[in-house]
Amino acid sequence: MTASINGSAPTTTRASDNISSGVEFDITPIGPTHGARISGFDIATASDSQIAALRIALAEHKVLVLNDQHLDDDQHVRFAARIGDLTAGHPVWDSGADLPAEVYSLDSTDDGFADVWHTDVTFMPRPPAASILRPLVLPQLGGDTNWADGEAAYASLSSPMQRLADELVAVHDGNREFGYYLRHRRSGKGNVWDGEEVTGLRPVRHPVVRIHPVTGRKALFVNPGFTSHIAGVSEAESRGLLDAFYGHLTKPEHIVRHSWSLGDVVLWDNRSTAHYANRDYSQRRIMHRVTLRGDRPVGPQGHVEPFGDESGHWWAAESKSVG
């Protein structure tokens, strides 16, 4: 069974009926609010109109799964570049000179795990708009990836909680995960991100609620991996609010799960989702990711100054001591 791109009741349809004339691929929903399997789409031969349709489908369905797409790194990068402008593979991590600069390698033998809910690179002023991931080596069992729908999570909050979230700003900090690595394994010289070499990870501020630039829908935009605290409230209030948001975001009804096979390529909208990779395996797992350049998050209050003056607050000393 397939469903239309606009989320109406399940029915057999073609993408051309809903996105752009002359474009054809099938869309099968994975979950009630997000996630879809794309068939009838060959990355190697996709037309420009199909790529344009895929962009729209990504914003609408947030997670897209393509099977039987056996790519190498160069093909992976070229495919991503047809969808949008590319970033470096990571602001800090060095995936090796034998890989294209746009590829981030996650190897379980080199601590390449992602077993905490997170949204990619929210510790930078302009987090990626989308991520494109494929497996190279998979364990026999385990290693599934889960995605939480930030839009569905926001929509299902009570009205008072929505109004509160609309007003809040959160601080995102990459030092806990990557500060030590940047200072000691890269000697303070990271990769080029948004035209500048990353030499430090200054905490950045983003709205707790992000408005999607394509759909106009609101999504919770906080994550346990990189969000350190809510700005302008006490430590106890910040922890209570974030616990409430995280618990709501990761409720089972807001999650879809994918079991990987070689040849899979999964795209997700980094502006409206968080994800978690299960660490339930002992064999090696290698994944390669390419990310698309994003914009500064906009919330109900508009743009938020990413580097507000927070010296003297309880969280300032905590941030400096991390890593």
Side-chain angles (χ1 to χ4, degrees), residues 38 41-59 61-66 69-107 112 114 118-136 145 147 172 174 177-178 182 186 189-199 201 204 206 210 212-214 226 264-275 277 286-298 306:
I38 303 296
F41 185 101
D42 182 0
I43 287 175
T45 61
S47 66
D48 290 344
S49 54
Q50 284 181 307
I51 294 292
L54 197 71
R55 292 190 199 101
I56 297 172
L58 180 60
H61 290 275
K62 305 152 200 161
V63 179
L64 301 179
V65 177
L66 289 76
Q69 312 281 336
H70 295 276
L71 310 179
D72 60 25
D73 288 322
D74 289 335
Q75 291 169 324
H76 189 170
V77 169
R78 286 198 298 271
F79 170 56
R82 296 187 67 190
I83 301 172
D85 296 331
L86 304 186
T87 70
H90 193 274
V92 171
W93 196 266
D94 181 9
S95 291
D98 57 333
L99 293 180
E102 299 86 358
V103 172
Y104 176 38
S105 179
L106 290 143
D107 186 338
H118 67 287
T119 299
D120 288 335
V121 198
T122 60
F123 55 87
M124 299 300 285
R126 294 168 61 111
S131 300
I132 305 173
L133 187 69
R134 75 183 217 278
L136 280 76
T145 302
W147 288 268
H172 298 241
E177 291 295 325
F178 299 110
L182 176 61
R186 306 274 331 252
K189 294 183 179 180
N191 301 317
V192 175
W193 191 272
D194 281 337
E196 296 183 5
E197 183 181 55
V198 177
T199 57
L201 294 173
V204 301
H206 296 308
R210 182 172 188 173
H212 197 285
V214 176
F226 300 123
D264 289 350
V265 175
V266 177
L267 304 81
W268 65 89
D269 194 321
N270 205 51
R271 300 163 294 192
S272 54
T273 62
H275 57 283
I286 303 176
M287 313 292 286
H288 281 187
R289 188 191 77 191
V290 176
T291 47
L292 306 184
R293 190 170 187 261
D295 51 9
R296 281 180 54 195
V298 176

Task: Counterpart residues, side chain to side chain contact (heavy atoms under 4.5 Å, CB included), relative to V298 (two or more places apart) - done: H303
- [ ] Return yes if some donor-acceptor pair links the side-chain N/O of R289 with the main-chain N/O of L133 below 3.5 Å, else return no.
- [x] no
- [ ] Side-chain contact test, heavy atoms from C-beta onward, threshold under 4.5 Å: evaluate it for D48 versus R82 and give yes or no.
- [x] yes
Task: Any donor-acceptor pair under 3.5 Å from H76 side chain to V265 backbone - done: no
Task: Main-chain N/O of V92 paired with R186 side-chain donor or acceptor, under 3.5 Å - done: yes
TODO: Could you check whether the rings of Y104 and W93 sit parallel, tilted or perpendicular, using 30° and 60° as the cut-offs?
DONE: perpendicular
TODO: May I ask you to decide if T87's main-chain N or O and T291's side chain share a donor-acceptor pair within less than 3.5 Å?
DONE: no
Open item on the list: Taking the basic N atoms (NZ, or NE/NH1/NH2) and the acidic carboxylate oxygens, is any pair closer than 4.0 Å for R134 and D73?
Closed with: yes
Task: Counterpart residues, ring pair (Phe, Tyr, Trp, His ring centres under 6.0 Å), relative to F123 (two or more places apart) - done: F178, F226
- [ ] Quick one: do R78 and D72 satisfy salt bridge (charged side-chain N to carboxylate O under 4.0 Å, His left out)? Show the steps, please.
- [x] CA-CA 10 Å; R78 286 198 298 271; D72 60 25; 5.1 Å; no
TODO: List the atom of S95, the atom of S105, and the distance in Å for their closest heavy-atom pair.
DONE: OG-N, 2.9 Å
Open item on the list: Under a 3.5 Å distance rule, please check whether H206 uses its side chain to pair with a backbone N or O of R296 as donor and acceptor.
Closed with: no
